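The structure appears right after this line, and notes come after that.
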Amino acid sequence: MYNQVYKSYEREILPQEAIFIRSPGALIAIVAQVAGYIEDDKFKEAVKKLRKIYPILNTVLKWHENGQVWLRETKKDFNINIIFRNSDMDFEDIIKNEWTKSFDLENGPLTRFILLKSSTKSEIIFITHHLISDGIGMTIIIDTILQLLNDPNMEFDIDHEHNLPSYKNLIKYVEKRNLSSYFRNLLNSSISYFLTYRWNRSKIHMEPKDIIKSHESLFKSHEYIVVTDEFTEQSTSSLIEKCKKYNVTVNSAMTIAFLKCRSEIDKGHKNFNQLVPVDLRRHLSKNKRSINCHATSIHIKYKYNPSTSFWDNTKQYDKKVKSALKDHKDISQVQRISTFPIDLIEASILSQRIQSLPEVYYDYFKDYYKKLGSKSNHVASIIAKSALNIIPASSITNLGQAKLSGNYGSISLEKIFVYPSGIAYPKNSIIISAITLNNKLMLAYHTIINKFDKEAHEYKNMILKLKERFKEILIYDIHI
């Protein structure tokens with residue numbers, strides 16, 4: 001809760017937030033390029049005021065002996081760094097470097113602010129742990145900073161109690177009672193009870209310092225790759241109109257375009273699982289201007305069919321997604337996760353990392369390896385094996401039209417790129433984030449590669465080829 005008297009913020013971590021605790025690479029970032037001069041002192045003052053507006057930015061994690069994890073306010077200052085820029089692409093190097101740095105979840109701070117500035121143009125970079133914010137939340141933070149730069153006395157009225165993605169705050173979909181739904185709910189409850197029972201018999205206690213170790217161990221052998229791109233206003237408009245004509249979402253068209261270009265360029269890949277994020281804000285009963293983690297996901301398995309047209313593929317995929325989203329109305333996934341103990345979720349996530357990248361984590365987690373590795377029948381290992389079966393080869397996170405003003409007094413927002421978390425997927429997984437600003441579609445591709453893999457250089461080149469072919473399909477091919 002947010003205590004108006006003591007100005008303190010303290011609450012228990014939600015189970016769906018706990019998914020990110022043990023995830024190396026659970027960083028999330030945004031880069032906002034603005035035209036106009038930003039004074040150092042005004043930027044620092046605007047960032048400091050965020051402490052009162054969004055108190056979750058000023059928290060750290062505290063572990064209790066019973067396995068509960070709490071967010072608690074800290075007095076530690078935000079990390080604010082001001083750097084002079086040399087080129088329009090300096091921010092990509094900064095993002096790559098920042099991704100190798102873990103957050104100290106016990107001591108904080110859990111946010112970093114960077115101003116990459118010149119006399120005429122600057123980039124505001126905000127990096128945080130995914131526990132603190134999601135992609136849409138980051139755009140809200142950027143909007144708040146820009147408003148404060150324009151008007152330092154601006155007031156913000158935020159309801160911190162009703163904007164959390166807890167099951168009790170989400171609008172439930174009331175489905176018709178039938179025998180099928182009854183048995184489905186009974187099955188889910190039974191599975192949850194059984195897993196929790198097994199966990200309580202064989203808990204694994206993990207030190208918080210292991211989170212930092214897992215992140216550092218990953219980037220000793222792996223490199224974060226990020227590539228940005230943008231469409232013109234005309235190309236963006238043409239894509240949207242074409243999708244309206246065929247009654248499909250832009251996200252579905254983008255996914256099929258990516259599957260098509262990947263089938264042409266990366267012929268060796270065999271994983272066709274796609275992750276589709278679901279924004280839980282639409283289920284919130286009250287305040288929707290929230291920055292916390294409000295996303296869950298559905299998984300779709302689809303392979304591009306070259307024997308039929310692009311739009312036939314898109315329609316089939318779009319139908320699959322809409323059907324899955326319809327089934328998702330009762331937010332059953334959030335409900336199921338909400339029944340699991342926090343420490344069970346933590347252990348399951350660490351088990352996923354150990355099983356997906358054993359060569360990275362074995363030396364660091366020998367004590368856990370026997371219990372959490374792929375050969376173990378421990379409950380956390382069983383959950384991890386199930387999750388690994390559906391880990392996606394690609395994911396497109398489309399945040400839609402950014403709800404930001406173009407102008408903030410003497411400065412104006414020109415570009416925005418979002419970098420979602422989840423980079424510790426198996427080899428050759430690619431995440432693409434998309435957001436539309438000033439009627440232009442802006443993209444960021446990211447993945448990780450093993451620096452010591454002999455094919456690392458070829459894989460970097462493949463990402464660039466995928467980017468160019470993806471753009472070619474969406475701008476030219478689908479209009480032929």
Side-chain angles (χ1 to χ4, degrees), residues 28-47 50 80-96 98 112-128 133-152 154 226-240 250 254 291 397-420 432-446 467-468 470-471 474-475:
I28 186 167
I30 189 169
V31 174
Q33 188 177 90
V34 299
Y37 180 70
I38 299 177
E39 295 180 24
D40 294 5
D41 290 343
K42 285 187 176 180
F43 178 72
K44 291 178 181 178
E45 194 62 32
V47 169
L50 293 175
I80 303 174
N81 196 8
I82 298 176
I83 307 169
F84 287 98
R85 75 197 294 273
N86 295 311
S87 74
D88 284 352
M89 301 312 295
D90 283 354
F91 68 86
E92 283 195 359
D93 290 332
I94 289 177
I95 291 292
K96 290 175 186 176
E98 290 295 320
R112 305 174 198 147
F113 294 89
I114 299 171
L115 176 61
L116 189 58
K117 63 174 289 184
S118 71
S119 58
T120 58
K121 191 174 288 187
S122 299
E123 280 85 25
I124 297 173
I125 304 173
F126 171 46
I127 303 158
T128 188
S133 180
D134 65 352
I136 294 175
M138 300 196 90
T139 66
I140 294 172
I141 292 294
I142 290 295
D143 179 58
T144 305
I145 292 174
L146 293 172
Q147 290 191 58
L148 288 170
L149 286 171
N150 182 41
D151 180 6
M154 183 121 182
V226 58
V227 178
T228 57
D229 197 10
E230 62 183 290
F231 285 23
T232 64
E233 187 173 344
Q234 181 180 353
S235 298
T236 303
S237 176
S238 297
L239 172 60
I240 293 171
V250 173
M254 290 172 64
I291 67 170
T397 303
N398 191 346
L399 301 182
Q401 184 78 31
K403 296 178 180 178
L404 297 98
S405 168
N407 296 300
Y408 298 85
S410 61
I411 57 178
S412 59
L413 182 58
E414 294 189 338
K415 297 180 182 180
I416 193 165
F417 298 104
V418 178
Y419 303 87
I432 303 174
S433 66
I435 190 167
T436 302
L437 177 70
N438 300 329
N439 300 317
K440 296 179 182 178
L441 181 64
M442 299 178 185
L443 307 169
Y445 304 71
H446 76 161
K467 165 195 161 183
E468 294 303 322
F470 179 68
K471 191 172 186 177
L474 290 176
I475 292 179

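These values consider heavy atoms only, across backbone and side chains, with no hydrogens, waters or symmetry-generated copies. Quick caveat: nothing in here was measured; it's all calculated off a predicted structure. Residue indices begin at 1 and follow the sequence shown.
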Heavy-atom pair of closest approach, residues [X] and [Y]:
X: Ala46; Y: Leu148; value: O-CD1, 3.5 Å
X: Asn438; Y: Gln401; value: N-NE2, 4.4 Å
X: Ile28; Y: Pro420; value: CG1-CA, 4.1 Å
X: Tyr37; Y: Ser119; value: CB-O, 3.5 Å
X: Lys121; Y: Asp88; value: CD-OD1, 4.0 Å

Atom [atom1] in [X], atom [atom2] in [Y]: separation rounded to 0.5 Å?
X: Leu116; Y: Arg85; atom1: CG; atom2: CZ; value: 6.0 Å
X: Phe113; Y: Ile80; atom1: CZ; atom2: CD1; value: 7.5 Å
X: Thr144; Y: Ile142; atom1: OG1; atom2: CD1; value: 9.0 Å
X: Ile30; Y: Ile416; atom1: CD1; atom2: CD1; value: 3.5 Å
X: Ile141; Y: Leu50; atom1: CD1; atom2: CG; value: 5.5 Å
X: Met138; Y: Ile125; atom1: CE; atom2: CD1; value: 10.5 Å

Exercise. Tell me, with the steps shown, if Glu123 and Val31 meet side-chain contact (heavy atoms from CB on, under 4.5 Å).
Key: CA-CA 6 Å; Glu123 280 85 25; Val31 174; 3.8 Å; yes
Donor-acceptor contact below 3.5 Å, side chain [X] vs main chain [Y]:
X: Ser237; Y: Glu233; result: no
X: Ser133; Y: Ile291; result: yes
X: Asn398; Y: Gly400; result: yes
X: Ser235; Y: Ile475; result: no
X: Lys471; Y: Glu230; result: yes

Check whether any side-chain heavy atom of [X] sits under 4.5 Å from a side-chain heavy atom of [Y], and report yes or no.
X: Met254; Y: Leu443; answer: yes
X: Asn439; Y: Thr236; answer: no
X: Ile124; Y: Phe43; answer: yes
X: Asn81; Y: Arg112; answer: no
X: Leu437; Y: Phe417; answer: no
X: Asn150; Y: Ile411; answer: no

Quiz prompt | Whether Tyr445 and Phe470 hold their rings parallel, tilted or perpendicular, with breakpoints at 30° and 60° | solution = perpendicular
Practice problem: Would you please name every residue forming a side-chain hydrogen bond (donor to acceptor under 3.5 Å, both in side chains) with Tyr408, sequence neighbours left out? | Solution: Asp143
Self-check item: Derivation of the side-chain contact (heavy atoms from CB on, under 4.5 Å) call for His446 and Ile95
Solution: CA-CA 11 Å; His446 76 161; Ile95 291 292; over 6 Å; no
Would you say [atom1] of [X] has more than 12 non-hydrogen atoms from neighbouring residues, nucleotides or ligands within 6.0 angstrom?
X: Lys440; atom1: NZ; result: no
X: Asp151; atom1: CG; result: yes
X: Lys467; atom1: NZ; result: yes

Quiz item: Passes side-chain contact (heavy atoms from CB on, under 4.5 Å), Asp90 versus Ile83? Steps please.
Solution: CA-CA 10 Å; Asp90 283 354; Ile83 307 169; over 6 Å; no
Practice problem: Might you work through the side-chain contact (heavy atoms from CB on, under 4.5 Å) test for Val226 and Lys96, ending with a clear yes or no? | Solution: CA-CA 7 Å; Val226 58; Lys96 290 175 186 176; 3.6 Å; yes
